[in-house]
Amino acid sequence: MENISQTDFTILLDLFGTFAFAISGIRLASGKQMDWFGAYIIGLVTAIGGGTLRDLLLDITPFWILDAKYFLTTAIALIATLLFKDKLFKWGSALFMFDTIGLGLFTIVGITKSIDAGLPIWVCIVMGSITGSVGGIIRDILLNEVPLLFRKDIYALSCIAGGGVYFICDYFNLLTGVTEIIAALTVIIVRLIVVKFHIHLPQLQPLDTKKE
């Protein structure tokens with residue numbers, strides 16, 4: 001895997017994540033009676049939202065301004081949805097799966113770019129979580145949905161788990177590509193497990209406002 005440039009491998013993960021997140025956004029938009037352009041915008045925002053915030057926090061030019069492939073990848077996702085919707089979404093959990101795959105891949109892209117910027121481990125994990133989750137938050141807000149991050153499902157914590165595994169693998173000097181795959185799979189598997197077994201953090205109960 002080291003025969004492939006590390007930059008090329010990260011770009012590959014980035015494009016797969018873009019496609020998966022764009023599909024999840026377009027799929028959710030389809031239930032809101034939007035036209036094709038509206039669905040495209042929702043898919044695009046889902047795909048680039050987290051990375052945009054990450055780059056702004058890192059004080060660098062947002063990645064999509066310098067490269068049109070994210071727009072093209074979102075367009076391909078829209079076309080794929082229109083042409084193959086029966087195959088892509090024949091399972092009721094398809095939206096969840098695309099969102100989960102995008103979450104895992106984008107978390108690793110965020111961590112990798114933060115490492116390249118020379119940031120400490122904890123900041124890299126935070127940036128990975130931002131990259132993975134913020135696009136979905138913006139998507140849900142635009143579609144008038146409660147963002148997944150704020151529901152009882154474990155979402156951002158999956159990103160943190162993947163980030164922890166990334167640096168554990170790095171500590172043991174595993175190949176970078178292998179480390180990225182293992183960490184991305186960790187995010188995806190954690191999400192699958194917590195949803196399958198209905199694991200969630202305790203909900204905040206209403207505070208007692210009774211007057212004495």
Please report the interatomic distance [atom1]([X]) to [atom2]([Y]), rounded to the nearest 0.5 Å.
| X | Y | atom1 | atom2 | result |
| --- | --- | --- | --- | --- |
| Ile188 | Leu103 | CD1 | CG | 8.0 Å |
| Trp36 | Ile79 | CH2 | CD1 | 9.0 Å |
| Ile138 | Leu53 | CD1 | CG | 7.5 Å |
| Leu58 | Met127 | CG | CE | 4.5 Å |
| Ile26 | Leu82 | CD1 | CG | 7.5 Å |
| Ile111 | Leu119 | CD1 | CG | 12.0 Å |

What are the two closest heavy atoms between [X] and [Y], and how far apart are they?
| X | Y | answer |
| --- | --- | --- |
| Ala20 | Ile101 | CB-CG2, 4.1 Å |
| Arg139 | Gly25 | CD-CA, 3.7 Å |
| Thr10 | Thr112 | OG1-CG2, 3.7 Å |
| Thr107 | Gly132 | OG1-CA, 4.1 Å |
| Gly162 | Val187 | CA-CG2, 3.6 Å |
| Cys169 | Ile182 | SG-CG2, 3.9 Å |

Connected via hydrophobic side-chain network under 4.5 Å: [X] and [Y]:
| X | Y | result |
| --- | --- | --- |
| Ile125 | Ile168 | no |
| Leu44 | Leu56 | no |
| Leu83 | Phe98 | yes |
| Val165 | Tyr171 | no |
| Val146 | Leu28 | no |

pair [X]-[Y]: side-chain heavy atoms closer than 4.5 Å:
| X | Y | result |
| --- | --- | --- |
| Thr61 | Leu66 | yes |
| Thr186 | Tyr166 | no |
| Lys113 | Ile60 | no |
| Glu180 | Leu105 | no |
| Arg27 | Thr81 | no |
| Met97 | Arg191 | no |

> Does atom CZ of Phe16 have more than 12 heavy-atom neighbours from other groups under 6.0 Å away?
Replying inline: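 Incorrect, the count does not exceed 12.
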
>> Tell me which pairs pass side-chain hydrogen bond (donor to acceptor under 3.5 Å, both in side chains) where either residue lies in residues 116-138, with sequence neighbours left out.
In response: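 Residue pairs with at least one partner in residues 116-138: Arg54-Thr131.
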
> Which one of Ile48, Thr18, Ile41, Ile23 satisfies the side chain to side chain contact (heavy atoms under 4.5 Å, CB included) criterion with Thr74?
Replying inline: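 Per the side chain to side chain contact (heavy atoms under 4.5 Å, CB included) rule, the option paired with Thr74 is Thr18, out of Ile48, Thr18, Ile41, Ile23.
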
>> Checking Phe21 against Phe106 for the ring pair (Phe, Tyr, Trp, His ring centres under 6.0 Å) test, could you report, in this order, the C-alpha distance in whole Å, the side-chain angles of both residues, the deciding distance, and whether it holds?
In response: CA-CA 9 Å; Phe21 256 161; Phe106 270 12; 5.3 Å; yes

>> Show, in sequence, the C-alpha distance, side-chain angles and deciding distance for Asp35 and Tyr40, and conclude whether the side-chain hydrogen bond (donor to acceptor under 3.5 Å, both in side chains) test is met.
In response: CA-CA 9 Å; Asp35 61 20; Tyr40 174 83; over 6 Å; no

> Taking the six-membered ring for Trp, are Tyr70 and Phe63 ring centroids under 6.0 Å apart?
Replying inline: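 That pair passes the under 6.0 Å test.
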
>> With side-chain contact (heavy atoms from CB on, under 4.5 Å) as the criterion, how do Asp99 and Tyr155 come out once you've worked through the C-alpha distance, each side chain's angles and the decisive distance to 0.1 Å?
In response: CA-CA 11 Å; Asp99 186 80; Tyr155 195 76; 3.0 Å; yes

